[in-house]
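If you're wondering where the values come from, they're calculated on a predicted model, not measured in any experiment.
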Amino acid sequence: MMNIKTPKKGRIRRELEKRAPKLVETGKKTLILQGTKTSGLLNSVLTEIYHLKKESSVRYTRRNDNVRPFESGGDTSLEFFSQKTDCGMFVFGSHSKKRPDNLILGRMYDHHIYDLVEVGVENFKSMESFVYDKKLAPKMGSKPFIAFVGEGFESVEELKHLKEVLLDLFRGEVVENLNLAGIDRAYVCTALSSNRVLFTHCALRLKKSGTIVPRMELVEVGPSMDLVLRRHRLPNDGLRKEAMKTAADKPKKKEKNVSRDAIQGKIGKVYIPDQQLGDMNLPNKAKGVKRERREAKMNKQANGHPTKRQKAGSD
């Protein structure tokens, strides 16, 4: 039998409660790490992604020899790091002669690899290479627009998969209401071909349009790069079905004495206790006697008979 240890310190207990499953999950954290060998370009890409997601990401700068996501047995260390940092996504960079400047994007389910997308980075431009007004620089933690341009994102299976992963990676926390004045950035993904996507990061500039809705202009602030699709791995149907399960927000409260019928609709039963008339206390003066006297007096006045007060006045 395995012994279950309960945390004694309040700090550890609160941290475990944050990591516990919830009906409405918060935004996913991203683990950014690198393999045995990386290039200078790939290190810059990983650093820029970390700056774009600084509030919801964890960066590992040491080399990881045992991490190989697409190989069997090469995901053990990656799953351990995911459980240790409580990250639901990861970005892994590696460089080799066969796959130069390689970037692997993946999602986790229950701290196990859910799906993978492998891309090659080309034509990379860092944030420092763009010249623009620094007042337009996006603020940290702001909610972004994400635009996907091209028919390939709807027809090509690999691009559809890449679209899902990029949405989870950059959309941040899911909110119901959004203030237009607080949106200051946009990610634009353009499908150049069936296996190449241009990724750009732009700042939003609001200008007057003569209407309530302002006119928006895009100012490229970087980074910018071409993502060349290489490999991808979809989850199996059983795992996908299990991951897509949702729980009811609130359990329905059972209604007593209520039933439903296809014809009559909602039917309810009302229970009234028996009235114990023998134990009731009746008043001494009955109101019915006073009512009869008032009616007799009104009938006399209608027939012309004078009352006692009228007779005394005439004398």
- When rounded to the nearest 0.5 Å, the distance separating CD of E79 from CE of M108 is 5.0 Å
- Message: Less than 3.5 Å apart, any donor N or O on the side chain of N64 or Q34 sitting next to an acceptor on the other?
- Response: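 No, Q34 and N64 have no side-chain donor paired with an acceptor closer than 3.5 Å.
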- Item | Mutual orientation of the aromatic rings belonging to Y187 and F170 [parallel < 30°, tilted 30-60°, perpendicular > 60°] | tilted
- Task: Could you walk me through whether E154 and K160 pass the salt bridge (Lys or Arg N to Asp or Glu O under 4.0 Å) test, one step at a time?
- Result: CA-CA 6 Å; E154 303 296 332; K160 288 171 66 176; over 6 Å; no
For the side chain of [X] and the backbone of [Y], is there at least one donor-acceptor N/O pair under 3.5 Å apart?
X: S209; Y: V213; result: yes
X: R230; Y: V117; result: no
X: S82; Y: L78; result: no

- Message: Let's go through K53 and E55 carefully: what are the C-alpha distance in whole Å and the side-chain angles of both, what is the deciding distance for salt bridge (Lys or Arg N to Asp or Glu O under 4.0 Å) to 0.1 Å, and is it a yes or a no?
- Response: CA-CA 6 Å; K53 294 177 58 64; E55 290 186 347; over 6 Å; no
- Task: Assess whether side chain to side chain donor-acceptor pair (under 3.5 Å) is satisfied between E158 and N195, documenting all intermediate values.
- Result: CA-CA 8 Å; E158 291 81 0; N195 65 340; over 6 Å; no
- Task: Kindly indicate whether a cation-pi arrangement holds for R231 with F70, taking the cut-offs as under 6.0 Å to the six-membered ring centre and within 45° of the axis.
- Result: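 Output yes; distance and angle both within limits.
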- Task: Report yes or no: is the cationic atom of K134 (NZ for Lys, CZ for Arg) closer than 6.0 Å to the six-membered ring centre of Y132, at no more than 45° off its axis?
- Result: yes
- Task: List the steps, then state whether salt bridge (Lys or Arg N to Asp or Glu O under 4.0 Å) holds for K125 with E220.
- Result: CA-CA 11 Å; K125 296 180 182 179; E220 195 169 358; over 6 Å; no
- Item | Verify same cluster id: M89, I32 (apolar side-chain graph, 4.5 Å) | yes
